[in-house]
Each structure stands twice: as structure tokens, then as C-alpha cells.
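Quick notes on the structure that follows.
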2 protein chains.
Amino acid sequence: MSENQNIRVAVDAIVFGYQNNQLYVLLIQQKFGTNDSYWALPGGLVQIDESLEDAVKRELKEETNISVNYFEQLFTFGDDVFRDPRNRVISVAYFALVDSSKLKVKADSDAENAQWFKIDEVPALAFDHTIILRKAMQRLKAKLTYEPIGFDLLPKEFLFSELENLYCTILEKEIDRRNFRKKILSFEIIEETDHFSPIKSGRPAKLFKFNKQKYNALLKKGFHFEIKFA
Amino acid sequence: MSENQNIRVAVDAIVFGYQNNQLYVLLIQQKFGTNDSYWALPGGLVQIDESLEDAVKRELKEETNISVNYFEQLFTFGDDVFRDPRNRVISVAYFALVDSSKLKVKADSDAENAQWFKIDEVPALAFDHTIILRKAMQRLKAKLTYEPIGFDLLPKEFLFSELENLYCTILEKEIDRRNFRKKILSFEIIEETDHFSPIKSGRPAKLFKFNKQKYNALLKKGFHFEIKFA
DNA sequence: TATATTTGTGTAAATCTTACGCATTTAGAA
DNA sequence: TTCTAAATGCGTAAGATTTACACAAATATA
């Protein structure tokens, strides 16, 4: 077997955020010397003594100074043998979600060239990152319908209308507000709080929160989260 | 960035087969010199100028001489920094399905140390392959319920009872034979053939076949395959 | 000819989904 | 103060789907 295989291993992160009926993705500016700079997904080479997950977390910390709410491996991209084969890189992509409180914080550390982009205003990206982003979008859409990951894009306490709009926005579907509420409530995994939200107009709405313990308990009993649409 | 990262990239394949109400997995015998031989998933190092998918297909051909019906990336395992870090390997695992006609063919080429194991008679495996196999099982169970991959484990023409038993066996659930048939037929993605099966006893049964074209056409119109159980 | 076995079809009850109606609570305008 | 617009919260009837069965049909074998 070829001892000098010499393929390098990188990790990339697709970090989604959500605010005001808009989905965002976190990008960094590649510094290719002078002005020929592309936007790219945060990421970089894995160090010899760290796990893949540790590598992503380290890169996210270094490049964007962000910690995420949800995190999972997405896919490994490594079929672009087209580029210089002497410099081949495969990339293990990770999919992550943060809540809106993270969207403002930016210029903390050396994360100065990190920036949030609205999902339909993403510029041309470096390497195969556009393809990776597309795959991440697919995963987000799919997973939203069969796992309660929407809550990881919202503040700890949120309005039903926010949850509802999140689903409408990301899945690009119409939902009946009342049926949606009934469905979610029937799962008994979110709870009313005593708090009300500062509102713009209309009847004041209760804030709700996701009870993760309860969800995990139900999971063991065979519960299956699922939101369908017409 | 560290130029001498020196992580090697391997691919592994989890190939499932099905016959007589039994799920099988394809393993190869590692030749570690003398008698200290472990069973392992087929796989090996990726060559510098081949894609990940090509690498799996090549290894499968070399080690087991099998071609598969279904094929997708499963997961990338690379967190065992525990082993000698100077010799670190990450493994991109692929999930594959073959039909029962492939289960017999074995000693064709240099595939002499490849062997099918019943899923609950799998021996201790090399490396982290037991963990990989467990993850593949989860994927198989999940995917069986929301994509029509069961057909890739059966002959081109099959009995309804075979399909039904496949679901019962792999998902370890009881199904009502009549409701299952109705459900599958309602999708209109399988078709009756003129052929009947040579049977052991009871009323002769028609053979059916999966119409992949029709399935793909329906997919575009928003169709969603789904089998649920009590 | 009777029996065991498996296939193929149907149907009623229960459950879940869908499409709405409407009262409630607030801010702000008249 | 009253009216209106906007959004929340609750309910209900019709439709669709799932579930739990009953039973006839076709074959091999005893």
C-alpha cells in the first residue's frame, strides 16, 4: 500500500443562524495575499492529534469565535481530483446551528473577517463550498421536519409565531398557523413560560421553551417528531 | 499550516445482503501475517488520483468481486486519535446493498477471504468496524422506512411476502400483511408481472417488480415514500 | 375429498389531518 | 372613549389515513 499517499484532511463548518424571518450562514474571508479574496466556509486542516470534531470547534473558535447549539457531521467531500493531485485535500463538512443571540457578536477576537450572509445573498464561494452549502441546506430542510432542531435556531424563549415563521421561511411552504400550533403542542415537548414578549401590535403572546429532557425521555419510548406540510 | 499533516485516508464498505429472512453483511479476512487474523469490512487506502467513490468500488472489486445495487456515503470515522498518531487513518464509510443473487458468488477472483455473515453472527471486527457496522444498521433501518431501498435487497422480481418479511426482519416489527400490501400498492411504484413463483405450499403468488422510472417521476411531483409501523 | 397453507380483496371503526370560524387582547387612530 | 387593525388562542366539522379484522380463492398433500 502506498505509504506516501499524501492526501490532506480538512474540516469545514456550515453554520446557520436565523433572525427576522431570514436564514443566515456564517462565512469567512480567505486572505489570498492581496485582493483576490474569496468568501469561504470556516474551516481548515485537521491537526494530527485532534479529533475531527475538535478540529471544527477549534477552527470555529479561531476564525469566528462562535460556539454552536447544534452540531453534526454532514458529508465528506473529496472527489475533486481535478485540482492539483499533488495537493489533494478532502474535506469533512459539519453542519451547525446557532441562535440569534450569536448573530451580532462578531468582532470579538481575530474573527474580524467573519460575516453573516443572508442565505439568498451568499456570494460566489471558494473551492467546492457552494456545493457543500447546497447539501447543508438540504439537510437543514429535511431535518427540520423530523427532528426538533428548529429550536436551536431560536432564542431559549420564543413565540409560537417565530417558530411558525421559521418553518415557513426555511421550508418555503405555507402553514396553517392553528394546525401547526396544535401539532407542536400535541408533542408535549415545549412549555409555556410566565413571560410575555414585547410586541409590535396585536394580542400579547406567551413565550415558550423547548424541554429537551422531556424530548429525550419520549424518544426512548419510541416517540417520533414529525412536521408535515400539504 | 502544517505541511506534514500525514493523516491517511481510507474507505470502507458496509455491504448488506438479504436471503431467506436473514440479513447478511459482507466481511473480509485481514491477513496480519500469521494466525492473528481479524474479520473486517472491505476497504483500503484511497489512491491519490481516484475519487472516494472510485476507491470503494475498486476495493470491493479487488477484495470481494462484487458490484452493488445501491451505494451511498455513510459517515467519516476519524476520531480514534488514540492509536499511534504517527499512523493516523480516517475512514470514509460507504453503505451498500446487493440482492440475493450476489450472495452465493464468492470464490471468483482473489476474493477468497470474503464471506457473508448473518447479521447476528458477526464476529469481533478489526479497528472500529463494529461501531461502523452499528451505524450502518441504523441507516438501513431508517432509510427502509422513507426510501424504497428494500427492493435493492431483493431479486428483480419478488413476492409480496418476501418484501413484507424483509421489512419485518430488518425492522424487527410486526406488520399486518394486508395493510402492508395495500400501502405499498397505493404508491403505484411496483407492478405485477405475468410470472408466478415456484412455491412450497398455498395459493401461488404473483411476482412483482419495482418500477424505478415511475418512482423517480413521482419524486419530482413531490411524492414521498413512507412505511410506518405501530 | 378433506385439510393445511398462503394469497388476494374488502370493510368498518378509530385516529389523524385539514380547513376553517371566531372570541380575545393589545396598540393606535378617530 | 370608541373603533379598528393586528395578532393570539381555542374549537369543531369534514375529509383522509391507518388499523384491525373477516373471509374467499388457489394450490399441495394427506
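Chain identifiers are assigned alphabetically (A, B, ...) following the order of the sequence lines, protein sequences preceding nucleic acid strands; residue numbering begins at 1 within each chain. What's counted below: heavy atoms across the whole structure, side chains too, no hydrogens, waters or symmetry copies.
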- Report the distance from atom CD of Glu162(B) to atom P of dT7(C), rounded to the nearest whole Å. 10 Å

- Query: In whole angstroms, how far is the P atom of dA28(D) from the CZ atom of Phe196(B)?
  - Reply: 12 Å

- Out of dT25(C), dC21(D), dT27(D), which nucleotide sits closest to the side chain of Pro204(B)? dT27(D)

- Task: For residues Tyr18(B) and Phe16(B), establish whether the separation of their ring centroids is below 6.0 Å.
- Result: no

- Item | Given DNA chain D, 5'-ward residue of the pair Asn179(A) and Gly202(A), judged by closest heavy atom | Gly202(A)

- Item | Aromatic ring proximity Phe187(B)/Phe223(B), centre distance under 6.0 Å | yes

- So, is Lys206(B) near the phosphate of dT7(C), with a side-chain N or O under 4.0 Å from OP1 or OP2? no

- Item | Close side-chain approach of Leu153(B) and Asp99(B), heavy atoms under 4.5 Å | no

- Message: Please report the distance, rounded to the nearest Å, between CG in Leu185(A) and C1' in dG11(D).
- Response: 14 Å

- Integer-rounded Å distance: dA19(C) P and Glu174(A) CD: 11 Å

- Query: Does a side-chain N or O from Ser161(A) land closer than 4.0 Å to OP1 or OP2 of dT8(D), or not?
  - Reply: yes

- Rounded distance in Å - CZ (Phe180(A)) to P (dG9(D)): 13 Å

- Query: Rounding to a whole Å, what distance do you find between Phe160(B):CZ and dA25(D):P?
  - Reply: 21 Å

- Starting at NZ of Lys228(B) and ending at C1' of dC16(C), how long is that distance when rounded to a whole Å? 9 Å

- Query: Rounded to whole angstrom units, what separation is found between the CD1 atom of Ile227(A) and the C1' atom of dT18(C)?
  - Reply: 14 Å

- Message: Quiz question: going by heavy-atom distance under 3.5 Å, is there a donor-acceptor pair between the base of dA27(C) and the side chain of Arg203(A)?
- Response: no

- Side-chain (Glu59(B)) to main-chain (Asp12(B)) donor-acceptor, under 3.5 angstrom: no

- Please determine, for the side chain of Arg178(A), which listed nucleotide (dT17(D), dG21(C), dT8(D)) has the closest atom? dG21(C)

- Cation-pi, Tyr70(A) ring and Lys143(A) (6.0 angstrom, 45 degrees): no

- For the side chain of Lys182(B), counting heavy atoms from C-beta on, which of dT18(C), dT7(C), dG10(C) is nearest? dG10(C)

- Task: Looking only at side-chain atoms of Arg181(A), point me to the closest of dC10(D), dT7(C), dA22(D).
- Result: dC10(D)

- Nearest-nucleotide comparison on DNA chain D, the residue closer to the 5′ end among Ala205(A) and Asp176(A): Ala205(A)

